[in-house]
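As structure tokens, the structure follows; a few thoughts come after it.
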Amino acid sequence: MDKKTAIITGGGSGIGFACLEKFISHNYRVIIIDYRIEGIKEKLSSAGISKEDVDIHQANVADFNELESVFTSIHGVGATVLINCAGISPSTNALHEYDVDEWKRCVDINLNGSFYASKLFAQQFLANKLESASVINISSIMGKRGTPGHAVYSATKHAVIGLTKSMAQDYATLNLRVNAIGPGVIETPMTSDWMQDDGFKNYFLTKIPMQRAGKAAEIANTAYFLCSEEASYLTGAYIPVDGGFLAV
Ligand code: NAP
């Protein structure tokens, strides 16, 4: 059977890497676009993934020209999945202490990066005359609420949901479906320092009905479902995967 292709930004780490493992296990090839690519080949080898199934590109998602070069080089592939996973969560500050450049950097990566990759993906979808495709935007529970000191993260993750809803309508009749996932607290390199902090851990565990952090694979499972034919009538949705956090 011919392999399909998924593009995953931030595919070298955490949730992105778990998505890579999930899609590879379902007969996809994966194109990773990541900022730092050292060590990814070793991770693939440790996970028992053939390097033939993965194409690794170094690029900063906040730089449209860099992303455009990557998309130009993969134009002929006909990728049918894009997962916008690259993101950062800057250290917390009250708003009056925010550094303006740090604010802009977070918007550039978390929001603009998703826009740039989605725009380029949609262009290729149209040029390649594909019958169907899916975009997954990795938002957050912070796309539905705020928390002290996290204004820029929360603002970008809310915005990614708006991007999802509008883009879904742009391409709904063409079967290019666009959905967002809102991970709760997930064990990844992004949260590993916080997880060492008992205060943080206890605070979140009292807020999460399932009383545990999530695993990156649990986000990947949802991403795979949303891209599958099982979700053929699902577009413009935000799916929280958070152990019940937003239900409280
Ligand atoms: P992670 O392990 O730190 O992965 C983030 C990935 O994004 C890394 O590979 C990182 O590359 C890449 N990246 C960062 N800036 C980039 C840039 N400018 N250009 C290209 N790639 C860039 O964190 P994660 O937890 O898997 O996070 C993945 C996504 O899930 C993020 O959007 C995050 O906001 C979201 N999320 C995570 C949680 C959670 O609890 N973990 C909860 C809600 C939402 P480098 O390592 O090279 O910097």
Side-chain angles (χ1 to χ4, degrees), residues 7-22 30-40 43-44 54 56-71 82-91 102 104-118 120 136-145 147 150 152-161 163-164 180-195 197 200-201 203-205 207-208 212-220 222-223 238-243 245-246:
I7 302 168
I8 306 178
T9 72
S13 180
I15 292 170
F17 193 80
C19 289
L20 175 146
E21 290 184 291
K22 181 74 183 179
V30 169
I31 296 169
I32 295 177
I33 302 175
D34 215 322
Y35 196 51
R36 285 174 299 164
I37 59 171
E38 310 81 48
I40 295 181
K43 274 179 86 170
L44 292 170
V54 183
I56 304 170
H57 294 261
Q58 193 281 325
N60 177 0
V61 295
D63 184 323
F64 181 74
N65 293 331
E66 284 188 20
L67 270 189
E68 191 174 35
S69 304
V70 174
F71 273 82
L82 168 68
I83 304 180
N84 285 312
C85 195
I88 58 168
S89 178
S91 54
E102 185 65 3
K104 287 182 180 168
R105 192 172 84 91
C106 188
V107 172
D108 277 344
I109 295 172
N110 290 6
L111 174 59
N112 296 347
S114 298
F115 158 60
Y116 298 151
S118 298
L120 292 161
I136 303 293
N137 290 318
I138 303 295
S139 175
S140 169
I141 45 175
M142 292 306 152
K144 287 288 178 183
R145 51 162 292 169
T147 196
H150 263 104
V152 69
Y153 187 73
S154 177
T156 58
K157 293 301 183 177
H158 274 76
V160 158
I161 296 171
L163 170 70
T164 302
I181 296 176
V185 179
I186 309 298
E187 289 171 11
T188 69
M190 183 181 277
T191 56
S192 60
D193 285 349
W194 310 342
M195 292 293 179
D197 180 323
F200 172 85
K201 208 169 165 181
Y203 170 76
F204 270 99
L205 293 185
K207 300 276 182 195
I208 300 169
R212 66 171 176 86
K215 299 193 183 317
E218 292 175 303
I219 307 303
T222 307
Y238 165 86
I239 312 283
V241 183
D242 62 0
F245 184 92
L246 287 181

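Order of appearance sets the numbers: ligands from 1, and atoms from 1 within every ligand. Keep in mind that the numbers below use all heavy atoms, side chains included, and drop hydrogens, waters and symmetry copies.
For ligand 1, the polar-atom distance check against Ser140 finds no nitrogen or oxygen pair separated by under 3.5 Å. Every N/O-N/O distance between Ile109 and ligand 1 stays at or above 3.5 Å. For Gly12, no nitrogen or oxygen atom sits less than 3.5 Å from a nitrogen or oxygen atom of ligand 1, counting backbone and side chain alike. Backbone and side-chain nitrogen or oxygen atoms of Ile141 are examined, and none is located within less than 3.5 angstrom of a nitrogen or oxygen of ligand 1.
Protein heavy atom at the shortest distance from atom 40 (O) of ligand 1 is Ile186 N, 2.8 Å. Among protein heavy atoms, atom 16 (C) of ligand 1 sits closest to Tyr35 CB, 3.9 Å. Protein heavy atom in closest approach to atom 24 (P) of ligand 1: Thr188 OG1, 3.5 Å. Of the protein's heavy atoms, Ser13 OG, 2.6 Å lies nearest to atom 2 (O) of ligand 1.
Among Cys85, Gly182, Gly184, the residue whose heavy atom sits closest to atom 29 (C) of ligand 1 is Cys85. Counting only non-hydrogen atoms, the option in Met142, Glu66, Arg36 that gets closest to atom 48 (O) of ligand 1 is Arg36. The closest heavy-atom contact to atom 5 (C) of ligand 1, among the options Ala117, Gly87, Pro183, comes from Gly87. Closest heavy-atom approach to atom 20 (C) of ligand 1 within the set Ala59, Gly11, Gly10, Ala18: this belongs to Ala59. The residue among Glu38, Lys157, Met190 with a heavy atom at the shortest distance from atom 32 (O) of ligand 1 is Lys157. When Val241, Thr9, Val61 are checked for heavy-atom proximity to atom 19 (N) of ligand 1, Val61 turns out nearest. Of all the listed residues (Ile40, Ile15, Asp34), Asp34 holds the heavy atom that lies closest to atom 10 (C) of ligand 1.
The contact set between ligand 1 and Tyr153, taken as ligand atoms under 4.0 Å from a residue heavy atom, comprises 33 (C), 34 (O), 35 (C), 36 (N), 43 (C), 44 (C). Atoms of ligand 1 lying under 4.0 Å from any heavy atom of Thr191, numbered from 1 in the order shown and given with element: 39 (C), 40 (O), 41 (N). Shown in contact with Ile138 at under 4.0 Å from a heavy atom are these atoms of ligand 1, numbered in order with element: 29 (C), 30 (O), 35 (C). Residue Val185 has at least one heavy-atom neighbour below 4.0 Å for each of these atoms of ligand 1: 40 (O). For ligand 1 and Gly14, the ligand atoms under 4.0 Å from any heavy atom of the residue are 2 (O), 26 (O). Taking every heavy atom of Asn60 and a limit of under 4.0 angstrom, the matching atoms of ligand 1 come to 17 (C), 18 (N), 19 (N).
Side-chain contact between Asn112 and Val107: present, with at least one pair of heavy atoms (C-beta onward) separated by less than 4.5 Å. Val152 places none of its side-chain heavy atoms less than 4.5 Å from the side chain of Arg105. In this structure the side chain of Pro189 never reaches within 4.5 angstrom of the side chain of Phe17, judged on heavy atoms. Here the side chains of Val160 and Asn110 are not in contact, with every heavy-atom distance at 4.5 Å or above.
Thr9 places no side-chain N or O within 3.5 Å of a backbone atom of Ile33 that could act as its donor or acceptor partner. Formation of a donor-acceptor pair under 3.5 Å by the Glu66 side chain with backbone atoms of Asn60 is found in this model. A distance-only check finds no donor-acceptor pair linking the side chain of Ser139 to the backbone of His158 [under 3.5 Å]. When atom types are taken as modelled, the side chain of Asp34 and the backbone of Gly12 share a donor-acceptor pair closer than 3.5 angstrom.
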Audit row: Asn84, Ser118, side chain to side chain donor-acceptor pair (under 3.5 Å) steps and yes/no: CA-CA 8 Å; Asn84 285 312; Ser118 298; 3.0 Å; yes
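Between the CE atom of Met142 and the CZ atom of Phe245 there is a distance of 5.0 Å, given to the nearest 0.5 Å. In this structure, the separation between CG on Leu20 and CD1 on Ile8 is 5.0 Å, given to the nearest 0.5 Å.
Within the 4.0 Å heavy-atom criterion, the part of Ser139 lying near ligand 1 is the backbone and not the side chain.
The side chain to side chain contact (heavy atoms under 4.5 Å, CB included) check on Ala159 picks up Leu111, with sequence neighbours excluded.
Test Thr188, Ile138, Val241, Asp242 against Pro183 for side chain to side chain contact (heavy atoms under 4.5 Å, CB included) and you get one pass: Ile138.
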